[in-house]
Amino acid sequence: MAAKLGVGQVSDVTRVVSADTFERPIYAGNAIATVQAQDATRVLTVRSTVFDAAALADIAQAAIEVIGVADPKGTVAYVGSELAQNDRPELTAAKIIDSGGRALGSAEKFNDVLTPLADKLGAAIGASRAAVDAGYAANDLQVGQTGKIVAPQLYIAAGISGAIQHLAGMKDSKVIVAINKDPEAPIFSVADYGLEADLFVAVPELVAAI
């Protein structure tokens, strides 16, 4: 859109300073840049987790215009669609997120360990990029700079070391609980509560105690 309009784009806005000045994180959230858009038309992308939801009464009703679709001249054919069904809260809107990392070892263990805890807490399930790349979890569960940016009331990180791109996606969570047997894991640097323990022992014990 910015290219079509011939203007610059300001990405990942976390604070509006004035009508033309904005703050955005850089270096995976380790620094905040203040940038000014000098174009008359401004194109922004916004990090929704840092702004309060607008009240429905304050949102003006937008006009809806039905536009016909041009014939693609036979180069494209509609095959079908399949909707993914998920009984859990949407990851970016969940108040509690139960996330797992590569330390879980397999897709079966990922589900066996995290699902009972998520069920008890009514939580969404997330994953680190390493867990997704290893095939333990689906792509849409990835939390991080290259996944989804989240800021729940409670974020539980089980077996997640705390790579910088993952921290950038969840460090704004209100309360962070980290479970990792490596005392040097970077996740402990942002955790409000840290448990140095084997997650395969600690998580079932936590489920039993809830």
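Heavy-atom basis, side chains included; hydrogens, waters and symmetry copies ignored. These figures come from a predicted structure and were not determined experimentally.
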- [ ] Would you check, one step at a time, whether the test side-chain contact (heavy atoms from CB on, under 4.5 Å) holds for Arg24 with Val10?
- [x] CA-CA 8 Å; Arg24 62 179 301 270; Val10 183; 4.2 Å; yes
- [ ] Kindly work out whether a path of hydrophobic side-chain contacts (I/L/V/M/F/W/Y, heavy atoms less than 4.5 Å apart) joins Val175 to Leu114.
- [x] yes
TODO: For Thr21 and Gln36, indicate whether the former's side chain and the latter's backbone hold a donor-acceptor pair under 3.5 Å.
DONE: no
- [ ] Search all heavy atoms of Leu104 against all heavy atoms of Ala158 and return the closest pair with its distance.
- [x] CD1-O, 4.4 Å
Task: Any donor-acceptor pair under 3.5 Å from His166 side chain to Arg129 backbone - done: no
Task: Where Ala124 and Pro89 come nearest, the two heavy atoms and their spacing - done: CB-O, 3.5 Å
Task: Whether Gln165 side chain and Gln145 backbone form a donor-acceptor pair below 3.5 Å - done: yes
Open item on the list: To the closest 0.5 Å, what do you measure between CE (Met1) and CG (Leu5)?
Closed with: 7.0 Å
Open item on the list: Through direct or indirect side-chain contacts below 4.5 angstrom among Ile, Leu, Val, Met, Phe, Trp and Tyr, which residues connect to Val66?
Closed with: none
What side-chain donor-acceptor pairs closer than 3.5 Å can you find for residues 189-206, not counting sequence neighbours?
residue : atom : partner : partner atom : Å
Ser189  : OG   : Pro186  : O            : 2.6
Asp192  : OD2  : Ile176  : N            : 2.8
Asp198  : OD1  : Phe200  : N            : 2.9

TODO: May I have the step-by-step check of side-chain contact (heavy atoms from CB on, under 4.5 Å) for Ile210 and Leu117, ending in yes or no?
DONE: CA-CA 9 Å; Ile210 296 175; Leu117 181 58; 3.7 Å; yes
- [ ] Take Asp20 and Arg42, measure what side-chain contact (heavy atoms from CB on, under 4.5 Å) needs, and give me the verdict at the end.
- [x] CA-CA 8 Å; Asp20 63 354; Arg42 299 173 190 110; 3.6 Å; yes
Open item on the list: Check this for me: does any side-chain nitrogen of one of Arg88 and Asp98 sit under 4.0 Å from a carboxylate oxygen of the other?
Closed with: no
Open item on the list: Taking Ile160 as the starting point, is it possible to reach Ile97 by hopping between hydrophobic residues whose side chains are less than 4.5 Å apart?
Closed with: yes
- [ ] Identify the two heavy atoms, one from Ile125 and one from Phe110, that lie closest to each other, and give their separation to 0.1 Å.
- [x] CG2-CE2, 3.8 Å
Task: Atom pair CG (Leu141) and OG (Ser128), whose distance is rounded to the nearest 0.5 Å - done: 11.0 Å
Open item on the list: As an exercise, state the distance from CD1 of Ile156 to OG of Ser173, rounded to the nearest 0.5 Å.
Closed with: 11.0 Å
- [ ] Specify the closest pair of heavy atoms between Gly135 and Ala107, including all atoms of both residues, with the distance to one decimal.
- [x] O-CB, 3.9 Å
Task: Ile149 side, atom CD1; Lys171 side, atom NZ - distance, nearest 0.5 Å - done: 10.0 Å
TODO: Please answer whether the main-chain N or O of Ile32 pairs with a side-chain N or O of Glu23 as donor and acceptor at a distance below 3.5 Å.
DONE: no
TODO: Working to the nearest 0.5 Å, report the span between CZ of Phe22 and CG of Leu44.
DONE: 4.5 Å
Open item on the list: Tell me if a side-chain donor or acceptor on Asp39 pairs with a main-chain N or O of Thr41 at a distance below 3.5 Å.
Closed with: no
- [ ] Report yes or no: does Tyr136 contribute a side-chain atom to a donor-acceptor pair with the main-chain N or O of Gly105 at less than 3.5 Å?
- [x] yes
TODO: Using a strict 4.0 Å threshold on nitrogen-to-oxygen distance, state whether Glu90 and Lys148 make a salt bridge.
DONE: yes
Open item on the list: Testing the basics here: between Gly101 and Ala131, what is the closest heavy-atom pair and its distance to 0.1 Å?
Closed with: C-CB, 3.8 Å
- [ ] Answer yes or no: is there a donor N or O on one side and an acceptor on the other, between the side chain of Thr115 and the main chain of Asp112, under 3.5 Å?
- [x] no
Task: side-chain contact (heavy atoms from CB on, under 4.5 Å) between Asp182 and Phe188, worked out - done: CA-CA 9 Å; Asp182 178 8; Phe188 286 127; 5.9 Å; no
- [ ] Work out which heavy atom in Gln9 is nearest to a heavy atom in Ser11; give both atom names and the distance.
- [x] NE2-OG, 2.8 Å
- [ ] Look up atom OG1 in Thr14 and atom CZ in Phe51, then write down how far apart they are to the nearest 0.5 Å.
- [x] 6.5 Å
- [ ] Indicate if Leu121 and Leu91 have the same hydrophobic cluster label, given that clusters are the connected sets of ILVMFWY residues with side-chain heavy-atom separations under 4.5 angstrom.
- [x] no
Open item on the list: Taking Glu108's backbone N and O only, do any of them form a donor-acceptor pair with Asn111's side chain (distance below 3.5 Å, no angle check)?
Closed with: no
Task: Any donor-acceptor pair under 3.5 Å from Arg102 side chain to Ser161 backbone - done: no
Open item on the list: Surrounding NZ of Lys120 (heavy atoms of other residues, nucleotides or ligands, distance under 6.0 Å), is the total greater than 12?
Closed with: yes
